[in-house]
Protein chains: 2
Amino acid sequence: MDKVTIMDVANEVGVSKTTISRYLNGHFDRINAHTREKIKQAIDEMGYVPNQQARTLKAKHSHLIGLVVADMANLYSSFLIRGIQNVLREHDYSLLIVDSANSLTNEKKALTQLMASNVDGIILQPLSVNSQDYQFLVESNTNVVLVDRQTRPTVWSSVTADNFSASREMALALAKQKYQRIIFISLASDSSTTHALRYEGLQKVAQQKSILLDALEVTDNDLTDLDRLLKATPHTKTALFAVNGQLLIACLQWLQEHHYVIPNDIGITGYDDSELGAVLSPGISTIDQNPQEIGQATARLLFEYIGGKRGHEDAEVASKLTLRHSF
Amino acid sequence: MDKVTIMDVANEVGVSKTTISRYLNGHFDRINAHTREKIKQAIDEMGYVPNQQARTLKAKHSHLIGLVVADMANLYSSFLIRGIQNVLREHDYSLLIVDSANSLTNEKKALTQLMASNVDGIILQPLSVNSQDYQFLVESNTNVVLVDRQTRPTVWSSVTADNFSASREMALALAKQKYQRIIFISLASDSSTTHALRYEGLQKVAQQKSILLDALEVTDNDLTDLDRLLKATPHTKTALFAVNGQLLIACLQWLQEHHYVIPNDIGITGYDDSELGAVLSPGISTIDQNPQEIGQATARLLFEYIGGKRGHEDAEVASKLTLRHSF
DNA sequence: CTGTTAGCGCGTTCAA
DNA sequence: TTGAACGCGCTAACAG
């Protein structure tokens, strides 16, 4: 059952393959309406589908977009992908996905691989903050849009959540409840701009309202240090702020094990990827980044780049704050 | 900054492109050790990466695997992808992913698209139980392995969770706790073999132990019918069994809103994708499918197919039951 | 409106 | 051990 080629169709209809090619690429003004109809029929009957790689070889686009996510085992990635696909579908593009799994080696390999596949553009959730680590990508002249995180100094457009302002909003809500102290909990391994911005959002409010702001850097979700931190200032109304969904869960578990009652003994809030906040009792006040919309915005931006050569742009997608009863 | 081609490397080294090609494909026995070294250096210096599509055009493999997932917005998909990528990495393959988003139209389009991209194999989480719906795929002679679900009648190998036995195990645990009634909660829209097998797992135990087994089919996570069902038999020790993570969450929320206390008033268990069971209080007893391992097993099976032409096989990956305190 | 011709980058006979 | 020449399936001048 050999694949049917453009030549087969041409023979069937009795024209040259050029005509078929014109049909495929929508140059209808250069084809007789009658032959056009015959071509359409032949294609349907024979089940002909043009060979993508042969097309790419000639034309300068592959109809392929590459995506490199930092950590696939994550609902954020899922929704991001779904968002991207939503707009790729409209443009008839396919998505090549690679999981760098938080390894720089993997990431570099992934990027090279994507370039070798002649992708028309790359969406990258970068592992490094340092633009120099992507020098080879810059030189290759590939269309790149960063997502979720940025690199320094600025070289590519990016789409991120409104990390600073969303965190500030949440801090404001905390302030309104007379919290005197916020413990910002993040991963020691993570030096992304994203997490820095979230911290700064809190910081801004903390300064204005004279709230104590501590930062706890954690490895492997190990929260043992939290105990000491909490006991150091026993009579201070304290809230935890988890910088991502994974840590939020870890905190919740830790609090439960240590018999803290939320929100009586301690307040908690943070970023949530899995809509956990709604299920848990008491409802947890959380920030939802809207990854699906981020994905869509990123893909759109990339297409504008590929198409009309649009200038640099750092877009922010609004997060959704849901206030429940965890503080 | 034009891409460097095999010709450029050939000129640099001062040999013909044939020799370079031989080097690329590992035919070292046909190259002088000296020129071989020179080629290696030139490639490194020039940063040459062979053009994938040009390669594919000639050779009969694209080093591309296609994946069609039923619903991307799901942790199951994430882990599945991660598992698949783990083994693709070893084989130097790329992954083309499409989200059929529970739409048969999308799925068909996705499959066609993948075939047009000359993927060497397809991993499909099928939306339809009916093999006839994939007739075009069968005819195309593509290497296909089904994942998570099967189609009838059997045409392709598959890798799924051990739905029947895991559900049976859980039912056994329920029986041990003297539950008199189990309500199986599933989506009305879902007619997959997967869910059927889970039901049958429960059924087996229900018959042996004279437990009442009801099935509640739900639309849009709307559980209003559950109320009536529960009130019909007030003094029967009842447990809910949610067929997937989404429904488990929905049930949990519903119970909370209706002030049921777990496990005193009612027991609950089911399939969980998001490791929710551990965080919620009281810990929920759940079944975890191990999607990452399923992904790995699927990819391996596919490669065995592509390579040595292995026979039909329906593999099952063991799920993990975690008993906590929800019944 | 249509066909002829010449590659895109690479792999592969067939000769040397 | 190496190279010349052809073709994979398709697109894009350039003629007609």
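The sequence lines fix the lettering, A, B, ..., with proteins before strands; numbering per chain opens at 1.
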Chemist: Taking N and O atoms by type only, does the side chain of B:T35 place a donor or acceptor under 3.5 Å from a partner on the base of D:dT2?
Modeler: no

Chemist: What is the distance, rounded to the nearest whole Å, between atom CG of B:N25 and atom C1' of C:dT12?
Modeler: 10 Å

Chemist: Answer yes or no: does a side-chain N or O of B:S16 lie under 4.0 Å from OP1 or OP2 of D:dA4?
Modeler: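 No, outside the criterion.
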
Chemist: Starting at atom CG of B:D8, determine the distance to atom P of C:dC10, rounded to an integer number of angstrom.
Modeler: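 Rounding to the nearest Å, CG of B:D8 and P of C:dC10 are 9 Å apart.
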
Chemist: To the nearest Å, give me how far apart CG (B:N118) and C1' (D:dC10) are.
Modeler: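 After rounding, the gap between these two atoms is 13 Å.
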
Chemist: What is the distance from NE2 of A:H63 to C1' of D:dC10, rounded to the nearest Å?
Modeler: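 Taking atom C1' of D:dC10 as the reference, NE2 of A:H63 is at 13 Å.
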
Chemist: Taking the side chain from B:N51 and the backbone from B:A54, do they hold a donor-acceptor pair closer than 3.5 Å?
Modeler: yes

Chemist: Does the B:N25 side chain pair with the main chain of B:R22, one donor and one acceptor, at a distance under 3.5 Å?
Modeler: no

Chemist: For nucleotides 7-9 of chain C, which of its nitrogen or oxygen atoms have a protein nitrogen or oxygen under 3.5 Å away, and what is each distance?
Modeler:
unit_1 : atom_1 : unit_2 : atom_2 : d
C:dG7  : N2     : A:K58  : NZ     : 3.4
C:dG7  : N3     : A:K58  : NZ     : 3.2
C:dG9  : N2     : B:A54  : O      : 3.4

Chemist: Is the closest side-chain donor-acceptor distance between B:S128 and B:D133 under 3.5 Å?
Modeler: yes

Chemist: In whole Å, what is the span from the NE2 atom of B:H27 to the P atom of C:dG11?
Modeler: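 It is 9 Å, rounded to the nearest whole Å.
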
Chemist: For the backbone of B:A73 and the side chain of B:S77, can you confirm whether one donor and one acceptor N or O come within less than 3.5 Å of each other?
Modeler: no

Chemist: If you find the nucleotide of DNA chain D closest to A:L24 and the one closest to B:A33, which residue's nucleotide is nearer the 5' end?
Modeler: B:A33

Chemist: Will you find, in the side chains of B:D120 and B:Y93, an N or O donor that is under 3.5 Å from an N or O acceptor?
Modeler: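 Yes, B:Y93 and B:D120 have a side-chain donor paired with an acceptor closer than 3.5 Å.
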
Chemist: Write down the distance between CD (A:Q52) and P (D:dC8), rounded to a whole number of angstrom.
Modeler: 19 Å

Chemist: Would you kindly give the CG-to-P distance between B:N11 and D:dT2, to the nearest whole Å?
Modeler: 16 Å

Chemist: Considering every strand and a 4.0 Å limit on heavy-atom distances, what is the contact class for A:T18: base, sugar-phosphate, or nothing?
Modeler: base

Chemist: Could you give the side-chain donor-acceptor pairs of residues 30-46 of chain A under 3.5 Å, partners two or more places apart or in another chain?
Modeler:
unit_1 : atom_1 : unit_2 : atom_2 : d
A:N32  : OD1    : A:H34  : N      : 2.8
A:T35  : OG1    : A:N32  : O      : 2.9

Chemist: Is there a donor-acceptor pair closer than 3.5 Å between any side-chain N or O of A:T193 and the backbone N or O of A:Q150?
Modeler: yes

Chemist: In this structure, how many angstroms lie between the C1' atom of D:dT2 and the CG atom of B:D29, rounded?
Modeler: 13 Å

Chemist: Could you list, one pair per line, each protein nitrogen or oxygen that sits under 3.5 Å from a nitrogen or oxygen of nucleotides 14-16 of chain C, together with the distance?
Modeler:
none

Chemist: Strictly by modelled atom types, are A:Y305 and A:E313 linked by a side-chain donor-acceptor pair under 3.5 Å?
Modeler: no

Chemist: We want to know whether B:S158 and B:T160 form a side-chain donor-acceptor pair, criterion being a heavy-atom distance below 3.5 angstrom.
Modeler: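 There is no such pair between these side chains.
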
